[in-house]
Number of protein chains: 2
Amino acid sequence: MRRDVFQAIADPTRRAIIGLIALQAMTPNALAEHFNTTRQAVSKHIKILTECQILKQEQIGREIYYHFEPQKMKEIADFIEPFRKMWDTRFNQLDIVLNQIKSKK
Amino acid sequence: MRRDVFQAIADPTRRAIIGLIALQAMTPNALAEHFNTTRQAVSKHIKILTECQILKQEQIGREIYYHFEPQKMKEIADFIEPFRKMWDTRFNQLDIVLNQIKSKK
DNA sequence: TATAAGCGCAACTATTTGATTGCACAAGTT
DNA sequence: AACTTGTGCAATCAAATAGTTGCGCTTATA
């Protein structure tokens with residue numbers, strides 16, 4: 001069972017959960033109200049996100065508040081960072097120039 | 001069948017493919033030599049990446065060179081961007097301060 | 001023209017995923 | 001003490017995924 005951050009954000013529901021929890025810590029029930037699925041389905045997503053350390057539990061009485069733990073998201077940022085300059089317009093123009101030089105030789 | 005960028009980068013082999021192709025356009029055969037799977041398996045990943053517009057075909061004779069198309073990767077950057085400030089150390093310290101203020105009222 | 005090389009497509013398989021339903025259990029409430 | 005609420009866990013199921021094998025088409029090469 002793969003359990004990495006990339007897998008975690010692959011599901012649109014999980015991305016939505018991250019978006020909600022990032023704004024405010026919530027209980028599974030409160031979270032589930034935002035989706036058209038069962039509480040269990042949401043709870044499973046929460047479990048996966050917790051295992052990936054994107055969420056963190058905080059039990060208060062019989063309620064469990066899930067908090068957003070942003071550190072792990074950095075792994076994704078680190079993956080994309082090297083490509084960032086490649087979608088920059090100025091670099092694309094440079095790329096065209098480089099290709100012209102290459103095709104001339 | 002979900003076919004978005006987040007799904008595309010969820011697989012470690014596909015992330016490796018992206019890394020290789022970003023450095024240099026390659027044919028499926030050349031690419032497959034880097035992995036311990038069959039050419040077909042790699043070819044399937046290529047197909048998915050192409051459908052997501054992360055790769056672009058360029059046929060040269062009987063060979064097909066796949067190029068990296070960085071634009072789509074921006075979707076991922078856009079998703080993480082809002083969280084970026086949250087893993088910054090300075091923000092975390094601010095967060096602690098804010099929580100202290102909140103708990104006092 | 002016969003053969004080989006480079007690829008994509010189709011069929012099939014095992015595994016994983018996302019979701020549902022039902023149950024158990026601890027923490028509050030009456 | 002009995003009932004309700006908030007959760008997690010287990011079993012089950014359909015669909016998607018990642019991989020393999022076999023086939024056929026097109027483009028080079030002998």
Side-chain angles (χ1 to χ4, degrees), chain A residues 1-21 24-69 72 76 79, chain B residues 1-21 24-69 72 76 79:
Chain A
M1 209 188 316
R2 217 176 339 143
R3 215 45 37 119
D4 57 46
V5 204
F6 294 97
Q7 184 63 23
I9 64 156
D11 184 88
T13 304
R14 282 199 288 271
R15 288 199 296 279
I17 290 175
I18 291 171
L20 288 168
I21 300 251
Q24 182 180 24
M26 296 174 82
T27 64
N29 268 332
L31 206 48
E33 285 172 11
H34 292 270
F35 301 96
N36 286 330
T37 58
T38 58
R39 176 186 62 80
Q40 300 303 345
V42 172
S43 219
K44 270 195 165 184
H45 287 304
I46 291 175
K47 195 184 175 194
I48 290 170
L49 290 169
T50 306
E51 284 172 4
C52 293
Q53 303 177 53
I54 291 176
L55 300 187
K56 191 183 64 181
Q57 293 193 8
E58 179 199 10
Q59 182 126 17
I60 297 182
R62 67 182 162 188
E63 292 185 326
I64 299 177
Y65 282 83
Y66 285 90
H67 295 256
F68 180 52
E69 201 79 347
K72 282 281 163 176
I76 299 160
F79 170 69
Chain B
M1 209 188 316
R2 218 174 341 144
R3 219 35 51 112
D4 57 44
V5 205
F6 294 96
Q7 184 63 23
I9 64 156
D11 185 88
T13 304
R14 283 199 287 272
R15 288 199 298 278
I17 290 176
I18 292 172
L20 287 167
I21 300 249
Q24 182 180 25
M26 296 174 82
T27 64
N29 268 330
L31 206 47
E33 285 172 10
H34 292 269
F35 302 96
N36 286 330
T37 58
T38 57
R39 176 185 62 82
Q40 300 303 344
V42 172
S43 220
K44 270 195 166 186
H45 287 304
I46 290 175
K47 194 185 175 195
I48 290 170
L49 291 169
T50 306
E51 284 172 4
C52 293
Q53 303 177 54
I54 291 176
L55 300 187
K56 192 183 64 181
Q57 293 193 9
E58 180 198 12
Q59 182 127 17
I60 297 181
R62 67 181 162 186
E63 293 185 327
I64 299 177
Y65 281 84
Y66 285 90
H67 295 256
F68 180 53
E69 201 80 347
K72 282 282 163 175
I76 298 161
F79 169 69

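As a basis for the values below, the full set of heavy atoms in this structure was taken, side chains included, without hydrogen atoms, waters or symmetry mates. Residue numbering restarts at 1 for every chain, and letters A, B, ... go by the order of the sequence lines.
With DNA chain C read from its 5' end, the first of the two nearest nucleotides for B/Lys44 and A/Ile60 is the one closest to B/Lys44.
Evaluation of the side chain to side chain contact (heavy atoms under 4.5 Å, CB included) rule for B/Arg15 yields A/Asp4, A/Phe6, A/Phe79, B/Ile9, B/Pro12 as partners, not counting sequence neighbours. Listed by chain and residue number, B/His67 satisfy the side-chain hydrogen bond (donor to acceptor under 3.5 Å, both in side chains) test with B/Glu58 (two or more places apart in sequence, or in another chain). Under the side chain to side chain contact (heavy atoms under 4.5 Å, CB included) criterion, A/Asn29 pairs with A/Thr27, A/Arg39, not counting sequence neighbours. Residues satisfying the salt bridge (charged side-chain N to carboxylate O under 4.0 Å, His left out) test with A/Glu63, not counting sequence neighbours, are none. Judged as a salt bridge (charged side-chain N to carboxylate O under 4.0 Å, His left out), and not counting sequence neighbours, the contacts of A/Lys56 are A/Glu69. Evaluation of the salt bridge (charged side-chain N to carboxylate O under 4.0 Å, His left out) rule for B/Lys44 yields no partner, not counting sequence neighbours. Remark: A/Gln57 engages A/Tyr66 in a side-chain hydrogen bond (donor to acceptor under 3.5 Å, both in side chains) (not counting sequence neighbours). Partners of B/Tyr65 according to the ring pair (Phe, Tyr, Trp, His ring centres under 6.0 Å) rule, which considers only residues two or more places apart in sequence or in another chain, do not exist here.
In terms of heavy-atom proximity, A/Arg14 sits nearest to A/Gln7 at NH2-O, 3.2 Å.
The shortest distance between the side-chain N/O atoms of A/His45 and the OP1/OP2 oxygens of C/dT17 is not below 4.0 Å. Not one side-chain nitrogen or oxygen of A/Thr38 sits closer than 4.0 Å to the OP1 or OP2 atom of C/dA19.
For B/Gln24, the CD atom is loosely surrounded, since the number of other residues' heavy atoms within 6.0 Å does not exceed 12.
Here the range on DNA chain D touched by chain B, meaning any atom under 4.0 Å from one of its heavy atoms, is D/dA16 to D/dA28.
Among the heavy atoms of the strands lying under 4.0 Å from B/Lys47 are primed sugar atoms or P, OP1, OP2 only; no base atom is included.
The CG atom of A/Leu31 sits 13 Å away from the P atom of C/dA19 (whole-angstrom rounding).
Note on residues 25-58 of chain B: no pairs pass ring pair (Phe, Tyr, Trp, His ring centres under 6.0 Å), not counting sequence neighbours.
For the contact set between residues 7-15 of chain B and DNA chain D, defined by any heavy atom under 4.0 Å, the members are B/Gln7, B/Asp11, B/Arg14.
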>> Across nucleotides 2-8 of chain C, 5' to 3', mark each nucleotide with B, S or - according to how protein heavy atoms within less than 4.0 Å reach it.
In response: --BBSBB
